Student: 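Encoded as structure tokens, here's the structure I'll be asking about.
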Amino acid sequence: MSDQERYRLPEELRMTRTVVRDFIRDQIVPLEQDLEQDAIHLPEEDFDRLAPMAKEMGLWCMGVPPEYGGAGLSIFAQAVLHEEMVQHRAGLYLPAYGTMGSAPPEIIFEGSDYLAETYGMPTVEGDRKAFFAITEPSGGSDPARAIQTRAVRDGDDWIINGSKIFISSAPWADWGIVFARTDPDSRRGITAFVVEKEWPGFSWEPIPVLRAYYPAQLFFDNLRVPSRNVLGEVDNGWDLLANKLLARGRIPYSAANLGVAVAAHNLAVEYSKTRETFGAPLATRQAVQWMLVESEVEIRACRWLIWEAAWQYDAGEDFRQAASIAKVHSADILGKVVDRSIQIHGGYGVTKWLPLERWYREARIRRIGEGPTEVQKMVIAREILNPGGPPR
Ligand SMILES: Cc1cc2nc3c(=O)[nH]c(=O)nc-3n(C[C@H](O)[C@H](O)[C@H](O)COP(=O)(O)OP(=O)(O)OC[C@H]3O[C@@H](n4cnc5c(N)ncnc54)[C@H](O)[C@@H]3O)c2cc1C
């Protein structure tokens with residue numbers, strides 16, 4: 001049978017997938033037994049032991065181009081490996097606890113050499129940490145309209161005033177990319193700036209949410225930013241934002257949803273075979289089997305949707321509709337699969353002894369973060385009704 005008749009993952013990717021699977025199962029999952037349920041960091045000595053192993057395996061910062069110290073994998077390969085990387089308790093938001101690298105927002109490498117060398121590369125090396133800030137108190141679904149943070153030129157610098165909300169990783173980061181309005185008369189007059197948390201005029205507060213890895217609200221009060229920290233062209237941040245950052249990011253984001261769904265499903269399958277009620281294992285009951293079947297069908301369909309989006313991206317096609325479809329479906333099935341797995345585990349499902357409880361909470365964010373389901377559906381509907389139409 002030829003490759004065209006039956007699709008198989010390329011052999012090298014299958015081998016790498018096994019390496020990642022083994023790394024998570026043998027190195028990360030056992031460590032989690034001794035951590036508290038909501039832990040967001042590994043003990044330092046474990047991190048320092050594991051990170052070099054991941055580097056050795058050639059898996060450090062998978063999506064970052066090799067010239068900047070990453071593995072430079074295709075989006076498709078990243079999607080396949082991401083599904084494995086997240087299969088542990090903290091995996092949805094902290095895959096492998098960063099032991100396989102914490103990449104900066106990859107658009108940093110589309111700016112000047114100065115920005116790549118000052119911010120991008122030290123972040124790939126693990127010496128710095130980054131956030132990216134789009135959402136504002138005025139709204140996140142429609143950033144082109146909602147961004148009110150203003151940047152005004154002052155000599156060779158820019159002065160930023162405004163606020164960003166729900167910014168992930170900002171509490172632990174030391175720099176980030178902030179999108180601010182530079183042309184108040186244009187919906188698209190947005191520019192990306194690289195800012196440092198230590199600079200005068202920058203402050204932040206934690207926002208308590210249902211995951212321990214809490215986001216922050218950022219405040220800019222006459223924050224002075226040198227011109228060399230403009231990322232890309234002035235007034236052209238929308239292109240970076242909409243086309244390069246947001247849409248592409250939905251593919252690994254969806255793969256993470258899928259991976260956690262797979263992990264939750266596997267727990268349910270195993271438990272149903274050993275837990276007995278009324279004299280027989282749960283797995284013998286049709287009601288339980290059908291729950292397992294629904295999860296299995298949803299997981300398999302989801303994987304192909306993600307792969308389709310990834311293939312389109314790698315082929316240079318317009319992948320935005322496929323990425324939105326993958327995002328909507330994966331966020332939806334993640335919630336459903338975790339919910340069914342909890343149901344099959346009965347009372348144990350909601351204890352903090354199992355990862356299901358944490359996944360159940362964290363999964364809820366996935367239908368809101370990275371563009372809510374309803375907004376993704378707008379993108380999908382636009383393409384159904386007007387195929388190949390202009391981007392928004
Ligand atoms: C834990 C967490 C971490 C986050 N991390 C980041 C980050 O790192 N950086 C960042 O920039 N942002 C981040 N966000 C923000 C996230 O992207 C926004 O919350 C999201 O885009 C929605 O924006 P909003 O909350 O302002 O909701 P709104 O835009 O006010 O929308 C509210 C709700 O209305 C519905 N809705 C919106 N538009 C439509 C429509 N046209 N038709 C029908 N229904 C609609 C949706 O259900 C939506 O959830 C994070 C959010 C959370 C919760």
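Both ligands and their constituent atoms are indexed starting at 1 by order of listing. Quick caveat: nothing in here was measured; it's all calculated off a predicted structure.
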Student: So if I only count non-hydrogen atoms and take anything under 4.0 Å from ligand 1, which residues does that give, chain by chain?
Tutor: F132, A133, I134, T135, G139, G140, S141, F166, I167, S168, R211, I365, I368, E370, P372, E374, V375, M378
Student: So, Q217 and S163: side-chain donor and acceptor under 3.5 Å apart, yes or no?
Tutor: yes
Student: Give me each pair satisfying salt bridge (charged side-chain N to carboxylate O under 4.0 Å, His left out) with a member in residues 324-335, each pair once, sequence neighbours excluded.
Tutor: D332-K336
Student: About how many Å separate CZ of F220 and CG of N161, when rounded to the nearest 0.5 Å?
Tutor: 10.0 Å
Student: Rest of the hydrophobic cluster containing V328 (Ile/Leu/Val/Met/Phe/Trp/Tyr, side-chain heavy atoms under 4.5 Å)?
Tutor: L305, I325, I380, I384
Student: Cationic tip of R250 within the cone over Y313's six-membered ring, i.e. under 6.0 Å and within 45° of the normal?
Tutor: no
Student: Output the rest of the hydrophobic cluster of V152: all Ile, Leu, Val, Met, Phe, Trp and Tyr residues reachable through side-chain heavy-atom contacts under 4.5 Å, sorted by chain and number.
Tutor: none
